[in-house]
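Below is one structure, written out as structure tokens, with a few remarks after it.
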Amino acid sequence: MNGDKNIDGKAVAAALRQEVADEVAKRAKEGRQPGLALILVGDDPASKVYVNMKKKACEETGMRSLIERMPADTTQDDLLAKVREINADDRYNGLLVQSPLPKGLDEDEVVRAIDPMKDVDGFHPMNMGLLALNQPKFVPCTPLGVMELLERYGVNPQGKHAVVLGRSHLVGTPMAMLLMRKAKGANATVTLCHSRTVDIAEHTRKADILIAAIGQPEFVHGDMVKEGAVVIDVGMNRVEDATKKRGYRLTGDVLYEEVEPRASLITPVPGGVGPMTVALLLKNTLYAEQLAWEGR
Ligand code: GUN
């Protein structure tokens with residue numbers, strides 16, 4: 001492993017979290033306390049881990065936080081009622097419903113019910129639409145974290161060819177929108193590849209910046225990457241591994257050993273993009289509290 005090519009998301013995220021903690025302390029002097037409510041439905045093991053991590057991160061910065069745990073057999077109406085209850089609760093400036101929801105629940109309808117001004121995930125159609133129109137308000141945390149990493153590592157996407165693998169609402173679609181924006185630190189030429197793309201490698205080999213967010217373990221091999229490319233691995237896949245105590249290991253969408261020698265910069269998994277998501281969620285929550293404070 002050649003560590004000096006690694007983008008250290010853990011360190012950048014720690015710095016961001018410190019910035020958030022300083023800001024929370026400042027606002028506390030004005031009697032303000034930003035708050036984040038997290039709704040967790042059912043018992044998906046990964047979701048439990050993520051939600052607990054988010055709550056802990058809030059507490060460490062001095063923010064208020066709450067996990068509303070609801071059983072897997074929660075009805076759509078009960079979930080919508082909970083969302084509306086938190087929408088109306090001024091103690092919580094941010095609200096997110098952890099995805100995926102148990103089968104039978106309509107996630108799109110739930111996201112539409114979230115107050116767009118509390119939508120710290122940036123998944124509400126209004127916030128997605130604003131991003132598409134280059135008027136970003138709340139932007140999804142993971143792609144925002146990727147943009148922050150590019151900036152902090154001196155990678156200016158302007159005029160570069162960025163190839164995004166994956167078109168999810170959580171990552172791929174907003175990622176492409178952020179990179180192609182007419183804005184400082186963006187202005188890339190963007191290709192978005194997905195499961196129906198013919199000959200993905202043909203596209204990835206042309207990427208100056210390659211962003212893998214398809215949820216397929218070690219999909220990107222060395223021969224799919226241009227020499228000197230910046231490679232961002234958003235993947236977080238659980239792969240069975242009998243040699244591990246917990247029975248699985250975490251791996252990204254990139255085969256690190258093959259790709260690292262060709263890349264100029266690369267995010268490891270774990271310790272790359274992952275920690276950034278939580279840090280940007282905290283920043284979005286600060287922003288939500290600021291908007292509420294200003295009465296906007
Ligand atoms: N599931 C995986 N990532 C996310 C995220 O960023 N937000 C929510 N709400 N659910 C997720």
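For ligands, and for the atoms within them, numbers begin at 1 and follow the listed sequence.
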Next on the checklist: Can you list everything that forms a side-chain hydrogen bond (donor to acceptor under 3.5 Å, both in side chains) with Gln18? Sequence neighbours excluded, please.
Outcome noted: Asp22
Next on the checklist: Pairs of nitrogen or oxygen atoms closer than 3.5 Å, one from Phe123 and one from ligand 1: do any exist?
Outcome noted: no
Checklist entry - At what distance is the nearest protein heavy atom to atom 11 (C) of ligand 1, and which residue and atom is it? => result Gln98 NE2, 3.2 Å
Checklist outcome for this item: So for Leu170 against ligand 1, with non-hydrogen atoms under 4.0 Å, the contacting part is side chain
Checklist outcome for this item: The protein heavy atom nearest to atom 1 (N) of ligand 1 is Ser99 O, 2.9 Å
Next on the checklist: Can a donor-acceptor pair be found, under 3.5 Å and without considering hydrogens, that links the side chain of Asn134 to the backbone of Arg181?
Outcome noted: no
Item to check | ILVMFWY network linking Val97 to Leu38, side-chain heavy atoms under 4.5 angstrom | outcome: no
Checklist entry - Looking at ligand 1, does Lys54 have a heavy atom less than 4.0 Å from it? => result yes
Checklist entry - Tyr50 near ligand 1, heavy-atom distance under 4.0 Å? => result no
Checklist entry - Does even one non-hydrogen atom of Asp121 get within less than 4.0 Å of ligand 1? => result yes
Checklist entry - Side chain of Asp233, backbone of Thr267: donor and acceptor closer than 3.5 Å? => result no
Next on the checklist: My understanding is that a hydrophobic cluster links ILVMFWY residues whose side chain heavy atoms are under 4.5 Å apart, including indirect links. Using that, what else belongs to the cluster containing Leu250?
Outcome noted: Tyr50, Met53, Met236, Tyr248, Val269, Val278
Item to check | For Leu96, atoms of ligand 1 separated by under 4.0 Å from a heavy atom | outcome: 9 (N)
Next on the checklist: Using 0.5 Å steps for rounding, measure from the CD atom of Gln135 to the CG atom of Leu131.
Outcome noted: 10.0 Å
